[in-house]
2 protein chains.
Amino acid sequence: MDQLRETLKGHQLRTTTCREDVLSTFINKKNALSHGDLEGALGENYDRVTIYRTLKTFLEKGIIHKVLDDEGLRYALCSHNCSEEKHHHDHIHFKCSACGETNCLENLHIPAVQLPEGYHPENFNLLIQGVCPKCN
Amino acid sequence: MDQLRETLKGHQLRTTTCREDVLSTFINKKNALSHGDLEGALGENYDRVTIYRTLKTFLEKGIIHKVLDDEGLRYALCSHNCSEEKHHHDHIHFKCSACGETNCLENLHIPAVQLPEGYHPENFNLLIQGVCPKCN
DNA sequence: AGCTCACTTGCAACAGGGTTGCAGAATATT
DNA sequence: AATATTCTGCAACCCTGTTGCAAGTGAGCT
């Protein structure tokens with residue numbers, strides 16, 4: 001419990017029950033979550049709008065990051081210490097077409113890509129879709 | 001003009017003015033387009049719903065493919081001969097944070113990734129964000 | 001050209017995602 | 001405990017995307 005407060009404080013955020021609950025939901029379920037998932041889990045306690053704003057705040061402060069998907073955005077915890085100034089992510093996301101879960105493969109890094117002259121990359125996002133070990 | 005009809009016919013689709021216009025829009029603007037882009041370009045001539053259904057049909061028939069994005073889905077022409085049965089894409093998409101355009105880098109392929117035991121990948125999607133040569 | 005059938009379109013209506021403004025409530029600080 | 005600041009809930013709104021149904025259109029046939 002105190003760990004949640006610490007995390008929020010460390011990102012210059014007031015500790016509120018909504019933020020604690022959203023953060024602990026991300027920690028408990030390990031996969032990437034959509035706004036709808038959170039609304040399903042916490043919607044009886046908090047307003048839709050509050051959950052949206054919490055996600056937006058967490059994004060800006062570097063607590064979570066966006067996970068691309070072909071059917072709607074999701075969010076996942078930043079494993080390393082991202083901050084308001086800088087997100088650094090080059091890990092891979094895997095979406096299982098059977099169970100629908102999307103997970104970060106933290107240990108794998110996106111291989112380097114040789115871009116043509118003139119391109120200045122800042123951010124990489126690799127989504128792999130297929131079947132995960134659980135559903136295999 | 002006839003080329004459009006050929007393309008549609010080749011995918012077992014009736015030639016209608018809406019489909020011709022959507023297809024030629026994709027051919028003229030070379031970058032990835034969202035539904036909103038198409039609605040902006042053709043919305044006075046066709047209903048929103050018709051454009052949605054045209055996109056869905058084109059997707060199924062393998063004329064266009066989805067392009068992931070952190071702020072809404074886009075679509076781009078399939079360069080190779082994709083069919084209803086099989087899409088094959090492993091090229092890279094580059095989104096410019098300055099001009100907002102997303103383009104396919106047809107010549108570049110997504111490097112191989114060694115996944116842990118048990119993962120069966122089927123589909124790869126790499127989005128690189130940064131600054132493109134035009135905006136450099 | 002005209003007929004027919006199957007496919008396509010437009011309209012209305014809906015569900016969901018996401019945002020904004022504002023008043024009231026909760027938090028951190030003194 | 002009082003204050004300034006920030007957060008929350010509510011209402012309202014816009015955009016995205018889908019479905020059902022009736023009317024319209026395309027393609028093949030005679």
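All figures in this text were calculated on a predicted structure; none of them were measured in a lab. Chain letters run A, B, ... following the sequence lines, proteins first, then strands; residues in each count from 1.
The line from CZ of B:Arg5 to OG1 of B:Thr7 is 11.5 Å long, rounded to the nearest 0.5 Å.
The distance from atom CG of A:Leu55 to atom C1' of C:dG17 is 12 Å, rounded to the nearest whole Å. For the pair B:Glu44 CD and C:dT9 C1', the computed distance is 18 Å after rounding to whole Å. For the pair A:Glu39 CD and C:dG16 C1', the computed distance is 9 Å after rounding to whole Å. At whole-Å resolution of the value, CG in B:Asn45 and C1' in C:dT8 are 16 Å apart. Remark: P of C:dG17 and CG of A:Asp69 are 13 Å apart, rounded to the nearest angstrom. Atom CG of A:Leu59 is separated from atom C1' of C:dG17 by 15 Å (rounded to the nearest Å). Between the P atom of C:dG18 and the CG atom of A:Leu38 lies a distance of 11 Å, rounded to the nearest Å. Atom pair A:Arg19:CZ and C:dT27:C1' shows a separation of 10 Å (rounding to whole Å applied).
With sequence neighbours excluded, the residues satisfying salt bridge (charged side-chain N to carboxylate O under 4.0 Å, His left out) with A:Asp69 are A:Arg74, A:Lys95. Scanning for salt bridge (charged side-chain N to carboxylate O under 4.0 Å, His left out) contacts around A:Asp90 gives an empty result, with sequence neighbours left out.
DNA chain D is contacted by both B:Gly36 and A:Tyr46; A:Tyr46 maps to the nucleotide lying nearer its 5′ end (nearest heavy atom per residue).
Hydrophobic clustering, defined by side-chain heavy atoms of Ile, Leu, Val, Met, Phe, Trp and Tyr closer than 4.5 Å, leaves B:Val49 isolated from every other such residue. Residues near A:Tyr52 contribute nothing to a hydrophobic cluster around it, because no ILVMFWY side-chain heavy atom sits closer than 4.5 Å to its side chain.
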Under 3.5 Å, which N/O atoms of the protein pair with N/O atoms of nucleotides 27-30 of chain D?
from: D:dA27; atom 1: OP1; to: B:Thr15; atom 2: N; distance (Å): 3.4
from: D:dA27; atom 1: OP1; to: B:Thr15; atom 2: OG1; distance (Å): 3.0

* Structure fact -> Whether each nucleotide of nucleotides 19-24 of chain C has a protein heavy atom under 4.0 Å at its base (B), only at its sugar-phosphate (S) or at neither (-) is summarised, 5' to 3', as BBB---
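Under a hydrophobic clustering in which Ile, Leu, Val, Met, Phe, Trp and Tyr are joined whenever their side-chain heavy atoms come within less than 4.5 Å, directly or via other members, B:Phe26 and B:Ile63 fall into the same cluster.
In this structure, A:Gln3 and A:Ile27 have side chains that are not in contact, with every pair of non-hydrogen atoms separated by 4.5 Å or more. Two residues are said to be in side-chain contact when any heavy atoms from C-beta on lie closer than 4.5 Å; A:Phe94 and A:Ile128 meet this criterion.
Below 30°, between 30° and 60°, or above 60°: for B:His65 and B:His93 the angle between ring planes is below 30°, a parallel geometry.
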